[in-house]
Amino acid sequence: MKRALVTGINGQDGSYLAELLLSKGYEVHGVIRRSSIENSTKMSNLKDSIARIKLYTCSLDNHLAVYKLIAAVQPDECYHLAASSFVNYSFEDEVSIIATNFTITHYILSSIKELCPQCKVYFAGSSEMFGNADRVPQNEDTKFNPRSIYGIAKLSSYHVVKNYREHHGLYACTGFTYNHESPRRSHAFVTRKITSGVAQIAIGLTHKIELGNLDAIRDWGYAPEYVEAMWLMLNNPHGPHDYVIATGIPHSVKDVLTFAFAIVGLDYQNYIDTQNNKFFRPSEQVPLIGDPSNIYQDLGWHNIVKLEHIIEEMVNNDLNLLKSI
Ligand code: GDP
């Protein structure tokens, strides 16, 4: 039986990945923050899998704690998903963003190198590493140009992963994931903000959603499919390679609004407050759209569920949550 260690296991991706790995017969070990264990909202993504997972509350920003964790678990595969995933454009709190998104990656790689060098490592990179990209769509050869401290920290992790692969012989790789959504998406992201807003409007709890740039373009995929890509990358017959994980399909925030309001039979134009500067991002000239050709060619992975259906699932989930209160 293969043993997997997943950091950030109670997040959107971690929880779907845990379910996927359990369905494949893995022994699943997961790391969460100590503060999460007593917070039922933060554990809700694991409600269907928690009984079958071995959970650890470990401070990943403590090198010795990471070392001891890896020594105890001795994983065959490690998926490093823990991150401060919300892109902070204000450059506040930079030290903790770098610690979470860079230093921990280094602790994990160095511990694996010492303790179980056969363990394969997946690092959760991000389209934010391309930032203000010089082309659309972006692929694995596109020049990196991060525009946020989050992107800079992720890019630094990518380099350390590459270094451990090329110079220490580790099977370690980075997936450049573009936005990926699901009913487990946090409310900080625009899709969930919209779907929960629509659910509240539909049952009369509010009558407006306040948003930023409605013309912003993103490449939005379906989270359960993205965790399959992560697993495929650690089971790649071509060896460890970095891949863009994306749909390649551009959609605007207006598209998300249209899909979401259609589920409840309303026109979004009647429910949006004038665009609020508070929610605008400073630099978004070039849309972040990924080119998933390489992962399709090497691993046969491509997205299936369309944004319209992802949003439908999210709205229905938010309606059910409100009805169950
Ligand atoms: P991320 O920025 O790609 O990590 O994902 P988000 O879901 O936070 O934002 C996606 C896009 O939606 C960005 O281009 C934002 O500028 C745009 N957007 C427009 N209004 C909002 C809003 O009210 N909140 C957020 N989070 N994003 C918004």
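Only heavy atoms go into these numbers, but all of them, side chains included; no hydrogens, no water, no symmetry mates. All ligand and atom numbering here is 1-based and tracks the order in the structure.
- Thr247 and Asp219 are linked by a side-chain donor-acceptor pair at a separation below 3.5 angstrom, with hydrogens and angles left out of the test.
- Near Lys193, meaning under 4.0 Å from any of its heavy atoms, are these atoms of ligand 1: 22 (C), 23 (O), 24 (N).
- Between atom 6 (P) of ligand 1 and the options Trp220, Tyr150, Phe189, the minimum heavy-atom separation is to Phe189.
- Of the heavy atoms in Ala188, only backbone atoms (N, CA, C, O) come closer than 4.0 Å to ligand 1.
- Of the polar atoms of Phe279, none of the N or O atoms is found under 3.5 Å from an N or O of ligand 1, judged by distance alone.
- Sorted by first and then second residue, the salt bridge (Lys or Arg N to Asp or Glu O under 4.0 Å) pairs with a member in residues 229-245 read Arg165-Asp242; sequence neighbours excluded.
- Not a single N or O atom of Glu128, backbone or side chain, sits closer than 3.5 Å to an N or O atom of ligand 1.
- Considering each of Lys254, Arg218, Arg185, the one bringing a non-hydrogen atom nearest atom 13 (C) of ligand 1 is Arg218.
- In summary, the side chains of Asp93 and Ser96 do present a donor paired with an acceptor at a separation below 3.5 Å, with no hydrogens or angles considered.
- Atoms of ligand 1 found under 4.0 Å from any heavy atom of Asn179, numbered from 1 in the order shown, are 1 (P), 3 (O), 5 (O).
- Residue pairs satisfying the salt bridge (Lys or Arg N to Asp or Glu O under 4.0 Å) criterion with at least one member in residues 8-23, sequence neighbours excluded, are listed as follows: Glu19-Arg184.
- The minimum heavy-atom distance between Asn45 and Asn10, with the atom names listed, is ND2-O, 2.9 Å.
- Contact annotation for Val253 and ligand 1: only side-chain heavy atoms (C-beta onward) come within less than 4.0 Å of the ligand.
- Considering backbone and side-chain atoms together, Gly212 places an N or O closer than 3.5 Å to an N or O of ligand 1.
- No N or O atom of Thr191 sits closer than 3.5 Å to an N or O atom of ligand 1.
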Go through it in stages, so that I can follow the logic: the residues are Phe176 and Tyr158, the test is ring pair (Phe, Tyr, Trp, His ring centres under 6.0 Å), and I'd like the CA-CA distance, side-chain angles, deciding distance and then a yes or no. CA-CA 9 Å; Phe176 311 112; Tyr158 156 84; 5.7 Å; yes

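- Note on ring orientation: taking the six-membered ring where Trp is involved, the planes of Tyr122 and Tyr79 are tilted (angle from 30° to 60°).
- Note that Arg192 lies outside the cation-pi zone of Phe189, set by a 6.0 Å cut-off to the ring centre and a 45° limit from the axis.
- Only the backbone of Asn213 comes within contact range of ligand 1, with a heavy atom under 4.0 Å; no side-chain atom does.
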